[in-house]
Amino acid sequence: MSLPHPSSISASTPWPATAHWGPYGLEVGGVPVVELAAEFGTPLLVLDVEHLRRRCRELTGAFPRVYFAAKALTSRRLLRFVNAEGLRVLAASGGELDACLRAGLPPRHLALHGNSKSDTEIEQAVAAGVGLLVCDHLEEIARVEAAARRLARRQDVLVRVVPEVAGGAHPSLVTGTAASKFGVPIETGAAAAAAVAVAESSALRFRGLHAHIGSQILEPEPFLAAIDRLVAFAGLLARRDGVTTEILDIGGGFGITYVDEDPLDLSSSGRAMSRRLRAAAAREGIPVPCLAVEPGRAVVGGAGLTLYRVEAVKTAADGRRIAAVDGGMSDNPRPMLYGARHTLAPAARATPGDAPATTVVGRHCESGDVIAEGVPLGTDLAGQVLAVAATGAYCYTLASNYNRTPRPAVVAVRDGSAGLWLRRETHDDLDRLEVPVASGVAV
Ligand SMILES: *Cc1c(COP(=O)(O)O)cnc(C)c1O
(Lines give C-alpha, C1' and ligand atoms only; values in the text may rest on other atoms or scores of the structure.)
Protein backbone atom coordinates (compact mmCIF):
# COMPACT_ATOMS: atom_id res chain seq x y z
CA MET A 1 0.00 0.00 0.00
CA SER A 2 1.45 3.43 -0.84
CA LEU A 3 1.44 6.26 1.68
CA PRO A 4 -1.80 8.25 1.78
CA HIS A 5 -1.72 11.83 0.55
CA PRO A 6 -1.02 14.20 3.49
CA SER A 7 -4.43 15.84 3.11
CA SER A 8 -6.27 12.52 3.14
CA ILE A 9 -8.36 11.70 6.19
CA SER A 10 -7.37 8.08 6.33
CA ALA A 11 -6.17 8.04 9.93
CA SER A 12 -8.54 5.84 11.89
CA THR A 13 -10.41 8.52 13.78
CA PRO A 14 -14.19 8.70 13.66
CA TRP A 15 -14.14 12.47 14.34
CA PRO A 16 -14.25 14.98 11.49
CA ALA A 17 -11.13 16.57 10.00
CA THR A 18 -11.14 19.79 12.04
CA ALA A 19 -12.27 18.20 15.34
CA HIS A 20 -9.98 18.69 18.30
CA TRP A 21 -10.26 18.83 22.07
CA GLY A 22 -9.48 22.27 23.48
CA PRO A 23 -10.14 24.23 26.66
CA TYR A 24 -13.85 24.45 25.75
CA GLY A 25 -14.07 20.75 25.01
CA LEU A 26 -14.73 19.41 21.53
CA GLU A 27 -14.36 21.99 18.76
CA VAL A 28 -15.33 21.44 15.12
CA GLY A 29 -14.82 23.98 12.34
CA GLY A 30 -13.35 26.30 14.96
CA VAL A 31 -16.54 26.31 17.05
CA PRO A 32 -16.92 24.67 20.48
CA VAL A 33 -19.78 22.25 20.00
CA VAL A 34 -21.32 23.12 23.39
CA GLU A 35 -21.94 26.59 21.91
CA LEU A 36 -23.72 24.99 18.96
CA ALA A 37 -25.90 22.98 21.34
CA ALA A 38 -26.75 26.16 23.27
CA GLU A 39 -27.55 28.16 20.12
CA PHE A 40 -29.34 25.57 17.97
CA GLY A 41 -30.62 23.12 20.59
CA THR A 42 -30.28 19.34 20.72
CA PRO A 43 -30.35 16.80 19.17
CA LEU A 44 -28.27 18.53 16.51
CA LEU A 45 -26.46 17.21 13.45
CA VAL A 46 -23.23 19.16 12.92
CA LEU A 47 -21.38 19.01 9.59
CA ASP A 48 -17.71 19.88 9.23
CA VAL A 49 -17.54 21.68 5.87
CA GLU A 50 -13.75 21.36 5.66
CA HIS A 51 -14.06 17.59 6.08
CA LEU A 52 -16.67 17.51 3.31
CA ARG A 53 -14.47 19.60 1.04
CA ARG A 54 -11.45 17.34 1.56
CA ARG A 55 -13.48 14.20 0.94
CA CYS A 56 -14.90 15.63 -2.28
CA ARG A 57 -11.41 16.56 -3.46
CA GLU A 58 -9.95 13.17 -2.56
CA LEU A 59 -12.70 11.51 -4.54
CA THR A 60 -12.47 13.74 -7.62
CA GLY A 61 -8.68 13.31 -7.48
CA ALA A 62 -8.98 9.53 -7.34
CA PHE A 63 -11.80 8.80 -9.81
CA PRO A 64 -12.68 10.23 -13.24
CA ARG A 65 -16.41 10.50 -12.46
CA VAL A 66 -18.00 10.73 -9.01
CA TYR A 67 -21.68 10.72 -8.13
CA PHE A 68 -22.70 11.59 -4.57
CA ALA A 69 -25.40 9.13 -3.43
CA ALA A 70 -28.00 11.58 -2.13
CA LYS A 71 -29.73 8.99 0.03
CA ALA A 72 -26.83 9.27 2.53
CA LEU A 73 -27.85 12.86 3.33
CA THR A 74 -29.99 15.27 1.35
CA SER A 75 -30.17 19.02 1.82
CA ARG A 76 -30.16 21.77 -0.76
CA ARG A 77 -27.00 23.33 0.66
CA LEU A 78 -25.19 20.01 0.71
CA LEU A 79 -26.22 19.10 -2.85
CA ARG A 80 -25.03 22.47 -4.13
CA PHE A 81 -21.80 22.15 -2.17
CA VAL A 82 -20.84 18.73 -3.53
CA ASN A 83 -21.87 19.72 -7.06
CA ALA A 84 -19.70 22.86 -6.86
CA GLU A 85 -16.85 20.54 -5.78
CA GLY A 86 -17.24 18.61 -9.03
CA LEU A 87 -19.46 15.73 -7.94
CA ARG A 88 -22.57 14.70 -9.81
CA VAL A 89 -25.50 13.35 -7.82
CA LEU A 90 -27.19 9.94 -7.78
CA ALA A 91 -30.87 9.94 -6.84
CA ALA A 92 -32.63 6.78 -5.66
CA SER A 93 -36.17 8.07 -5.99
CA GLY A 94 -38.37 10.77 -7.46
CA GLY A 95 -38.12 12.56 -4.12
CA GLU A 96 -34.33 12.70 -4.20
CA LEU A 97 -34.40 13.71 -7.86
CA ASP A 98 -36.85 16.49 -7.02
CA ALA A 99 -34.51 17.71 -4.25
CA CYS A 100 -31.62 17.87 -6.75
CA LEU A 101 -33.72 19.77 -9.30
CA ARG A 102 -35.00 22.18 -6.64
CA ALA A 103 -31.39 22.71 -5.55
CA GLY A 104 -30.76 23.93 -9.11
CA LEU A 105 -28.31 21.19 -10.09
CA PRO A 106 -27.84 20.74 -13.84
CA PRO A 107 -30.00 17.75 -14.87
CA ARG A 108 -27.15 16.35 -16.95
CA HIS A 109 -25.19 15.94 -13.69
CA LEU A 110 -27.93 13.71 -12.24
CA ALA A 111 -28.53 9.98 -12.40
CA LEU A 112 -31.59 8.08 -11.25
CA HIS A 113 -31.40 4.49 -10.10
CA GLY A 114 -33.76 2.21 -8.17
CA ASN A 115 -35.12 -1.32 -8.39
CA SER A 116 -38.79 -0.29 -8.31
CA LYS A 117 -39.27 2.94 -10.20
CA SER A 118 -42.80 4.06 -10.94
CA ASP A 119 -43.85 5.34 -14.37
CA THR A 120 -44.18 8.76 -12.74
CA GLU A 121 -40.56 8.66 -11.58
CA ILE A 122 -39.32 7.47 -14.98
CA GLU A 123 -41.30 10.23 -16.70
CA GLN A 124 -40.02 12.82 -14.18
CA ALA A 125 -36.40 11.80 -14.84
CA VAL A 126 -36.68 11.70 -18.64
CA ALA A 127 -38.62 14.99 -18.76
CA ALA A 128 -36.02 16.67 -16.54
CA GLY A 129 -33.26 15.44 -18.85
CA VAL A 130 -31.21 13.49 -16.32
CA GLY A 131 -27.76 12.57 -17.55
CA LEU A 132 -28.18 8.88 -16.81
CA LEU A 133 -31.03 6.56 -16.00
CA VAL A 134 -29.89 3.28 -14.44
CA CYS A 135 -32.21 0.53 -15.67
CA ASP A 136 -32.68 -2.32 -13.25
CA HIS A 137 -34.31 -4.94 -15.49
CA LEU A 138 -35.51 -5.67 -19.02
CA GLU A 139 -39.16 -4.74 -18.55
CA GLU A 140 -38.16 -1.36 -17.14
CA ILE A 141 -36.19 -0.62 -20.32
CA ALA A 142 -39.41 -0.79 -22.32
CA ARG A 143 -41.02 1.67 -19.92
CA VAL A 144 -38.11 4.10 -20.16
CA GLU A 145 -38.20 3.80 -23.93
CA ALA A 146 -41.94 4.56 -23.96
CA ALA A 147 -41.41 7.62 -21.76
CA ALA A 148 -38.57 8.84 -23.97
CA ARG A 149 -40.76 8.49 -27.09
CA ARG A 150 -43.70 10.27 -25.44
CA LEU A 151 -41.41 13.14 -24.45
CA ALA A 152 -39.46 13.10 -27.74
CA ARG A 153 -36.17 12.62 -25.91
CA ARG A 154 -33.22 10.31 -26.30
CA GLN A 155 -32.32 9.00 -22.85
CA ASP A 156 -28.83 7.84 -21.85
CA VAL A 157 -29.01 4.56 -19.95
CA LEU A 158 -26.78 2.34 -17.81
CA VAL A 159 -27.80 -1.26 -17.22
CA ARG A 160 -27.48 -2.46 -13.64
CA VAL A 161 -26.00 -5.92 -13.48
CA VAL A 162 -25.39 -8.36 -10.65
CA PRO A 163 -21.61 -8.88 -10.48
CA GLU A 164 -21.93 -11.73 -7.96
CA VAL A 165 -19.33 -10.12 -5.75
CA ALA A 166 -20.23 -9.66 -2.09
CA GLY A 167 -19.12 -6.82 0.16
CA GLY A 168 -20.53 -4.95 3.12
CA ALA A 169 -20.55 -4.67 6.86
CA HIS A 170 -23.98 -6.24 7.48
CA PRO A 171 -26.27 -8.64 5.50
CA SER A 172 -28.64 -5.73 4.77
CA LEU A 173 -25.72 -3.85 3.21
CA VAL A 174 -24.67 -6.62 0.77
CA THR A 175 -26.21 -5.96 -2.63
CA GLY A 176 -24.05 -7.56 -5.31
CA THR A 177 -24.71 -11.28 -4.87
CA ALA A 178 -26.79 -13.71 -6.92
CA ALA A 179 -29.68 -13.44 -4.44
CA SER A 180 -29.79 -9.65 -4.79
CA LYS A 181 -33.06 -7.90 -5.59
CA PHE A 182 -31.08 -5.31 -7.57
CA GLY A 183 -30.13 -5.58 -11.24
CA VAL A 184 -30.03 -8.26 -13.93
CA PRO A 185 -27.83 -11.37 -13.70
CA ILE A 186 -24.93 -11.76 -16.11
CA GLU A 187 -24.87 -15.57 -16.03
CA THR A 188 -28.38 -16.17 -17.36
CA GLY A 189 -27.93 -13.90 -20.36
CA ALA A 190 -30.48 -11.43 -18.98
CA ALA A 191 -27.89 -8.66 -18.66
CA ALA A 192 -26.79 -9.06 -22.27
CA ALA A 193 -30.42 -9.04 -23.45
CA ALA A 194 -30.98 -5.81 -21.50
CA ALA A 195 -27.87 -4.11 -22.91
CA VAL A 196 -28.80 -5.10 -26.46
CA ALA A 197 -32.38 -3.89 -25.98
CA VAL A 198 -31.07 -0.47 -24.93
CA ALA A 199 -28.51 -0.32 -27.73
CA GLU A 200 -31.10 -1.19 -30.37
CA SER A 201 -33.63 1.43 -29.29
CA SER A 202 -33.63 4.70 -31.20
CA ALA A 203 -35.12 6.42 -28.11
CA LEU A 204 -32.31 5.26 -25.81
CA ARG A 205 -28.54 5.40 -25.81
CA PHE A 206 -26.55 2.61 -24.15
CA ARG A 207 -23.74 4.25 -22.16
CA GLY A 208 -22.51 1.42 -20.00
CA LEU A 209 -22.81 -0.89 -17.04
CA HIS A 210 -23.65 -0.29 -13.42
CA ALA A 211 -23.16 -2.35 -10.28
CA HIS A 212 -23.18 -1.72 -6.55
CA ILE A 213 -21.75 -4.49 -4.40
CA GLY A 214 -22.51 -3.32 -0.86
CA SER A 215 -21.77 -0.70 1.76
CA GLN A 216 -19.15 0.07 4.44
CA ILE A 217 -16.52 -1.96 2.52
CA LEU A 218 -13.05 -1.43 4.00
CA GLU A 219 -10.86 -3.23 1.41
CA PRO A 220 -10.37 -2.54 -2.31
CA GLU A 221 -10.47 -6.24 -3.30
CA PRO A 222 -14.25 -6.61 -3.80
CA PHE A 223 -14.22 -3.55 -6.09
CA LEU A 224 -11.30 -4.99 -8.09
CA ALA A 225 -13.17 -8.29 -8.44
CA ALA A 226 -16.29 -6.42 -9.60
CA ILE A 227 -14.21 -4.51 -12.18
CA ASP A 228 -12.81 -7.78 -13.57
CA ARG A 229 -16.28 -9.24 -13.79
CA LEU A 230 -17.86 -6.20 -15.44
CA VAL A 231 -15.04 -5.70 -17.94
CA ALA A 232 -15.17 -9.36 -18.95
CA PHE A 233 -18.87 -8.88 -19.59
CA ALA A 234 -18.21 -5.62 -21.48
CA GLY A 235 -15.75 -7.58 -23.63
CA LEU A 236 -18.39 -10.14 -24.43
CA LEU A 237 -20.90 -7.41 -25.30
CA ALA A 238 -18.38 -5.76 -27.61
CA ARG A 239 -17.32 -8.93 -29.44
CA ARG A 240 -20.62 -10.72 -29.71
CA ASP A 241 -23.18 -7.91 -29.83
CA GLY A 242 -21.17 -4.93 -31.05
CA VAL A 243 -22.27 -2.93 -27.96
CA THR A 244 -19.73 -0.46 -26.51
CA THR A 245 -19.41 0.18 -22.76
CA GLU A 246 -18.32 3.81 -22.35
CA ILE A 247 -19.00 4.08 -18.61
CA LEU A 248 -18.27 1.48 -15.98
CA ASP A 249 -20.02 2.49 -12.77
CA ILE A 250 -19.03 0.31 -9.83
CA GLY A 251 -21.35 2.03 -7.35
CA GLY A 252 -20.53 3.17 -3.83
CA GLY A 253 -19.81 1.41 -0.59
CA PHE A 254 -16.47 2.90 0.47
CA GLY A 255 -16.11 2.30 4.21
CA ILE A 256 -15.31 4.84 6.92
CA THR A 257 -14.25 4.80 10.58
CA TYR A 258 -17.04 4.50 13.15
CA VAL A 259 -14.99 3.20 16.07
CA ASP A 260 -11.59 1.77 15.15
CA GLU A 261 -12.00 0.57 11.54
CA ASP A 262 -9.28 1.38 9.01
CA PRO A 263 -11.22 3.29 6.35
CA LEU A 264 -10.88 2.50 2.65
CA ASP A 265 -8.09 4.78 1.43
CA LEU A 266 -9.68 6.62 -1.49
CA SER A 267 -6.52 7.73 -3.30
CA SER A 268 -4.68 4.42 -3.33
CA SER A 269 -7.87 2.45 -3.96
CA GLY A 270 -8.75 4.73 -6.86
CA ARG A 271 -5.34 4.16 -8.38
CA ALA A 272 -5.63 0.40 -7.92
CA MET A 273 -9.09 0.34 -9.50
CA SER A 274 -7.97 2.41 -12.50
CA ARG A 275 -4.96 0.12 -13.03
CA ARG A 276 -7.19 -2.93 -12.83
CA LEU A 277 -9.65 -1.40 -15.27
CA ARG A 278 -6.92 -0.63 -17.82
CA ALA A 279 -5.45 -4.12 -17.54
CA ALA A 280 -8.83 -5.82 -17.88
CA ALA A 281 -9.83 -3.65 -20.86
CA ALA A 282 -6.54 -4.45 -22.60
CA ARG A 283 -7.14 -8.17 -21.99
CA GLU A 284 -10.60 -7.90 -23.52
CA GLY A 285 -9.36 -5.72 -26.38
CA ILE A 286 -11.87 -2.93 -25.67
CA PRO A 287 -11.37 0.83 -25.15
CA VAL A 288 -10.92 1.70 -21.44
CA PRO A 289 -14.35 2.75 -20.09
CA CYS A 290 -14.72 5.81 -17.87
CA LEU A 291 -14.70 4.62 -14.24
CA ALA A 292 -17.59 6.05 -12.23
CA VAL A 293 -18.23 5.67 -8.50
CA GLU A 294 -21.19 6.61 -6.31
CA PRO A 295 -20.07 7.14 -2.72
CA GLY A 296 -22.54 8.38 -0.12
CA ARG A 297 -21.17 7.37 3.27
CA ALA A 298 -17.57 8.20 2.29
CA VAL A 299 -18.58 11.79 1.44
CA VAL A 300 -20.71 12.77 4.43
CA GLY A 301 -20.49 10.01 7.06
CA GLY A 302 -17.36 11.21 8.84
CA ALA A 303 -18.20 14.89 8.32
CA GLY A 304 -21.14 14.70 10.71
CA LEU A 305 -21.57 14.31 14.43
CA THR A 306 -24.67 14.39 16.57
CA LEU A 307 -25.04 16.38 19.78
CA TYR A 308 -27.44 15.21 22.47
CA ARG A 309 -28.18 16.48 25.94
CA VAL A 310 -28.28 14.03 28.86
CA GLU A 311 -31.73 14.26 30.41
CA ALA A 312 -31.50 11.48 33.01
CA VAL A 313 -28.80 9.48 34.78
CA LYS A 314 -29.57 6.42 36.85
CA THR A 315 -28.26 3.07 38.00
CA ALA A 316 -29.99 -0.01 36.56
CA ALA A 317 -30.90 -3.04 38.70
CA ASP A 318 -27.82 -4.84 37.33
CA GLY A 319 -25.58 -2.00 38.53
CA ARG A 320 -24.91 -0.42 35.14
CA ARG A 321 -24.93 3.36 35.01
CA ILE A 322 -27.38 4.57 32.38
CA ALA A 323 -27.55 8.01 30.79
CA ALA A 324 -30.64 8.82 28.72
CA VAL A 325 -30.36 11.50 26.02
CA ASP A 326 -32.93 13.64 24.20
CA GLY A 327 -32.74 11.68 20.91
CA GLY A 328 -31.97 8.15 19.80
CA MET A 329 -33.45 5.76 17.26
CA SER A 330 -35.58 8.52 15.72
CA ASP A 331 -32.50 10.48 14.58
CA ASN A 332 -30.08 7.53 14.30
CA PRO A 333 -31.63 4.11 13.70
CA ARG A 334 -28.31 2.53 12.66
CA PRO A 335 -27.61 0.78 15.98
CA MET A 336 -31.06 -0.81 15.86
CA LEU A 337 -31.02 -1.61 12.12
CA TYR A 338 -27.49 -2.92 11.70
CA GLY A 339 -26.14 -3.34 15.23
CA ALA A 340 -23.92 -0.41 14.28
CA ARG A 341 -21.46 1.04 16.77
CA HIS A 342 -20.57 4.71 17.14
CA THR A 343 -17.90 6.55 19.11
CA LEU A 344 -19.28 8.85 21.77
CA ALA A 345 -17.68 11.45 24.05
CA PRO A 346 -18.69 14.19 26.51
CA ALA A 347 -18.49 17.45 24.55
CA ALA A 348 -17.55 19.88 27.30
CA ARG A 349 -14.43 18.13 28.62
CA ALA A 350 -10.91 18.90 27.52
CA THR A 351 -10.28 15.18 26.86
CA PRO A 352 -12.52 12.58 25.21
CA GLY A 353 -13.68 10.95 28.48
CA ASP A 354 -12.84 9.06 31.67
CA ALA A 355 -14.44 6.54 34.08
CA PRO A 356 -17.03 5.45 35.10
CA ALA A 357 -18.36 3.48 32.17
CA THR A 358 -21.89 4.39 31.13
CA THR A 359 -24.55 2.96 28.83
CA VAL A 360 -26.10 5.72 26.74
CA VAL A 361 -29.69 5.13 25.73
CA GLY A 362 -32.18 7.02 23.61
CA ARG A 363 -35.49 8.51 24.68
CA HIS A 364 -37.74 6.15 22.73
CA CYS A 365 -40.14 3.47 23.91
CA GLU A 366 -37.95 0.55 22.79
CA SER A 367 -35.38 -1.29 24.93
CA GLY A 368 -33.16 -1.64 21.87
CA ASP A 369 -32.84 2.14 21.61
CA VAL A 370 -29.23 2.08 22.84
CA ILE A 371 -26.63 4.46 21.40
CA ALA A 372 -23.44 3.11 23.02
CA GLU A 373 -22.46 0.80 25.86
CA GLY A 374 -19.67 0.95 28.42
CA VAL A 375 -18.40 4.41 27.47
CA PRO A 376 -16.15 6.24 29.96
CA LEU A 377 -18.15 9.44 30.40
CA GLY A 378 -16.98 10.75 33.76
CA THR A 379 -19.18 11.99 36.59
CA ASP A 380 -21.69 14.90 36.68
CA LEU A 381 -23.34 13.76 33.47
CA ALA A 382 -26.83 15.22 33.97
CA GLY A 383 -27.41 18.13 31.59
CA GLN A 384 -24.10 17.50 29.76
CA VAL A 385 -23.81 17.54 25.98
CA LEU A 386 -22.66 14.27 24.41
CA ALA A 387 -21.18 14.05 20.92
CA VAL A 388 -21.64 10.96 18.74
CA ALA A 389 -19.17 10.67 15.86
CA ALA A 390 -19.66 9.69 12.19
CA THR A 391 -23.39 10.35 11.98
CA GLY A 392 -23.35 12.33 8.72
CA ALA A 393 -24.64 9.45 6.56
CA TYR A 394 -27.77 7.33 6.90
CA CYS A 395 -28.89 8.93 10.16
CA TYR A 396 -30.89 12.01 9.16
CA THR A 397 -32.20 10.34 5.99
CA LEU A 398 -33.27 7.26 7.96
CA ALA A 399 -34.77 9.40 10.72
CA SER A 400 -38.39 8.99 11.73
CA ASN A 401 -40.92 10.86 13.81
CA TYR A 402 -41.38 7.91 16.15
CA ASN A 403 -42.94 9.09 19.42
CA ARG A 404 -43.87 12.19 17.41
CA THR A 405 -40.27 13.38 17.75
CA PRO A 406 -39.33 16.32 15.49
CA ARG A 407 -36.24 15.79 13.31
CA PRO A 408 -33.07 17.58 14.50
CA ALA A 409 -31.62 20.69 12.87
CA VAL A 410 -28.55 20.37 10.62
CA VAL A 411 -25.82 22.96 11.10
CA ALA A 412 -22.66 23.37 9.03
CA VAL A 413 -19.50 24.76 10.63
CA ARG A 414 -16.43 26.28 9.01
CA ASP A 415 -13.69 28.71 10.08
CA GLY A 416 -15.30 29.62 13.38
CA SER A 417 -18.83 30.19 12.14
CA ALA A 418 -21.98 28.11 11.94
CA GLY A 419 -24.81 28.18 9.40
CA LEU A 420 -28.14 26.41 9.51
CA TRP A 421 -28.56 23.96 6.58
CA LEU A 422 -31.85 22.42 7.74
CA ARG A 423 -33.97 23.92 10.50
CA ARG A 424 -35.31 21.82 13.35
CA GLU A 425 -38.71 20.26 12.73
CA THR A 426 -41.51 21.64 14.91
CA HIS A 427 -44.75 20.23 16.26
CA ASP A 428 -46.49 22.41 13.65
CA ASP A 429 -44.46 20.69 10.91
CA LEU A 430 -45.64 17.36 12.24
CA ASP A 431 -49.22 18.63 12.18
CA ARG A 432 -49.11 19.81 8.55
CA LEU A 433 -50.41 16.54 7.07
CA GLU A 434 -53.53 16.51 9.22
CA VAL A 435 -56.76 17.31 7.42
CA PRO A 436 -59.30 19.59 9.08
CA VAL A 437 -61.69 17.68 11.30
CA ALA A 438 -65.21 18.50 10.09
CA SER A 439 -67.64 18.52 12.98
CA GLY A 440 -70.01 15.59 13.06
CA VAL A 441 -68.02 13.47 10.57
CA ALA A 442 -66.98 10.17 12.13
CA VAL A 443 -64.58 8.79 9.52
C1 LIG B 1 -26.63 3.13 -1.54
C2 LIG B 1 -26.01 3.19 -2.87
C3 LIG B 1 -24.83 3.92 -3.06
C4 LIG B 1 -24.09 4.60 -1.93
O5 LIG B 1 -23.59 3.70 -1.02
P6 LIG B 1 -22.55 4.16 0.12
O7 LIG B 1 -22.31 2.93 0.90
O8 LIG B 1 -23.21 5.23 0.91
O9 LIG B 1 -21.34 4.66 -0.56
C10 LIG B 1 -24.33 3.99 -4.34
N11 LIG B 1 -24.94 3.37 -5.38
C12 LIG B 1 -26.08 2.66 -5.22
C13 LIG B 1 -26.69 2.02 -6.40
C14 LIG B 1 -26.65 2.54 -3.97
O15 LIG B 1 -27.75 1.83 -3.82
Side-chain angles (χ1 to χ4, degrees), residues 47 49 52-114 117 120-136 144 147-148 151 153-160 198 203-212 245-254 266 270 273-274 289-301 303 392-393 397 412 421-422:
L47 294 175
V49 176
L52 276 176
R53 194 180 62 81
R54 288 195 207 170
R55 291 304 266 183
C56 290
R57 291 185 184 181
E58 270 187 84
L59 283 158
T60 52
F63 298 97
R65 189 187 279 219
V66 184
Y67 288 86
F68 167 59
K71 68 181 179 189
L73 184 65
T74 308
S75 97
R76 193 168 294 181
R77 295 291 297 269
L78 175 67
L79 293 171
R80 286 190 184 165
F81 181 87
V82 299
N83 190 237
E85 284 291 334
L87 278 65
R88 301 165 195 237
V89 179
L90 174 72
S93 68
E96 289 177 7
L97 179 57
D98 185 59
C100 294
L101 295 170
R102 284 177 197 256
L105 268 49
R108 68 178 186 285
H109 286 178
L110 307 178
L112 177 71
H113 77 110
K117 303 178 196 77
T120 310
E121 288 173 310
I122 291 171
E123 185 110 8
Q124 177 193 1
V126 176
V130 297
L132 286 174
L133 211 149
V134 183
C135 279
D136 182 82
V144 174
L151 294 160
R153 297 255 183 176
R154 187 152 188 204
Q155 179 61 52
D156 283 12
V157 164
L158 296 184
V159 170
R160 176 155 183 178
V198 174
L204 307 176
R205 204 179 286 116
F206 177 80
R207 298 297 306 281
L209 301 171
H210 176 278
H212 173 67
T245 300
E246 289 169 59
I247 298 171
L248 200 96
D249 185 336
I250 52 157
F254 305 155
L266 300 174
M273 290 183 218
S274 293
C290 172
L291 180 63
V293 291
E294 307 170 335
R297 192 187 308 275
V299 178
V300 285
T397 50
W421 278 14
L422 290 169

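All residue numbers refer to positions in the sequence shown, counting from 1. Here the structure is a predicted model, which is why all the values come from computation and not from measurement.
Looking at Ile247 and Leu132, their side chains come closer than 4.5 Å, going by heavy atoms from C-beta outward. Side-chain contact between Phe206 and Thr245: present, with at least one pair of heavy atoms (C-beta onward) separated by less than 4.5 Å. Annotation: side chain of Leu110 is in contact with side chain of Leu101 (closest heavy-atom distance under 4.5 Å). Between Val66 and Cys56 there is no side-chain heavy-atom pair separated by less than 4.5 Å. Contact check for Leu59 versus Phe68: no side-chain heavy atoms found under the 4.5 Å cut-off. In this structure, the side chains of Leu47 and Leu73 come closer than 4.5 Å at one or more pairs of heavy atoms.
Annotation for Arg77: atom CZ does not count as buried by contact number, only 12 or fewer foreign heavy atoms lying within 6.0 Å.
The NE2 atom of His109 sits 6.0 Å away from atom CG of Asn83, with the distance rounded to the nearest 0.5 Å. Atoms CG and CG, on Leu158 and Asp136 in that order, are 12.5 Å from each other to the nearest 0.5 Å.
For Lys117 against Val134, the heavy-atom pair with the smallest separation is NZ-O, 2.7 Å. Smallest separation of non-hydrogen atoms from Leu204 and Ala148: CD2-CB, 4.4 Å. Nearest heavy-atom pair, Thr397 versus Ala72, reported as atom, atom and distance to 0.1 Å: OG1-O, 3.2 Å. Taking every heavy atom of both residues into account, Thr74 and Ala99 meet most closely at CG2-CB, 3.7 Å. Of all the heavy atoms in Ala147 and Ile122, the pair that sits closest is CB-CG2, 3.9 Å. Nearest approach of Cys290 to Pro64, heavy atoms of both residues: SG-CB, 4.1 Å.
Judged by distance alone, with hydrogens and angles left aside, the side-chain atoms of Arg207 form no donor-acceptor pair with the main-chain N or O of Glu246 at under 3.5 Å. Looking only at distances, no side-chain donor or acceptor of Arg205 sits under 3.5 Å from a matching main-chain atom of Gln155. Although no hydrogens or angles enter the test, the distance criterion places a donor-acceptor pair under 3.5 Å between the side chain of Arg55 and the main chain of Ala298. Under the 3.5 Å distance criterion, the side-chain polar atoms of Arg80 are matched with a main-chain donor or acceptor of Ala103.
For the side-chain hydrogen bond (donor to acceptor under 3.5 Å, both in side chains) criterion with Glu294, the lone passing option out of His210, Arg65, His212 is His210.
Salt-bridge formation is detected for the pair Glu85/Arg57: a Lys NZ or Arg NE/NH1/NH2 atom is positioned less than 4.0 Å from an Asp or Glu carboxylate oxygen.
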Q.
What verdict does the side-chain contact (heavy atoms from CB on, under 4.5 Å) test give for Val300 and Val82, after you've listed the backbone C-alpha separation in whole Å, the side-chain angles of each residue and the deciding distance to 0.1 Å?
A. CA-CA 10 Å; Val300 285; Val82 299; 5.8 Å; no
Review item, side-chain donor-acceptor pairs of residues 87-97, under 3.5 Å, at least two apart:
from	atom 1	to	atom 2	distance (Å)
Ser93	OG	Gly95	N	3.3
Ser93	OG	Glu96	N	3.1
Glu96	OE1	Ala92	N	2.7

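Using cut-offs of 30° and 60° on the angle between ring planes, the pair Trp421 and Phe81 is tilted.
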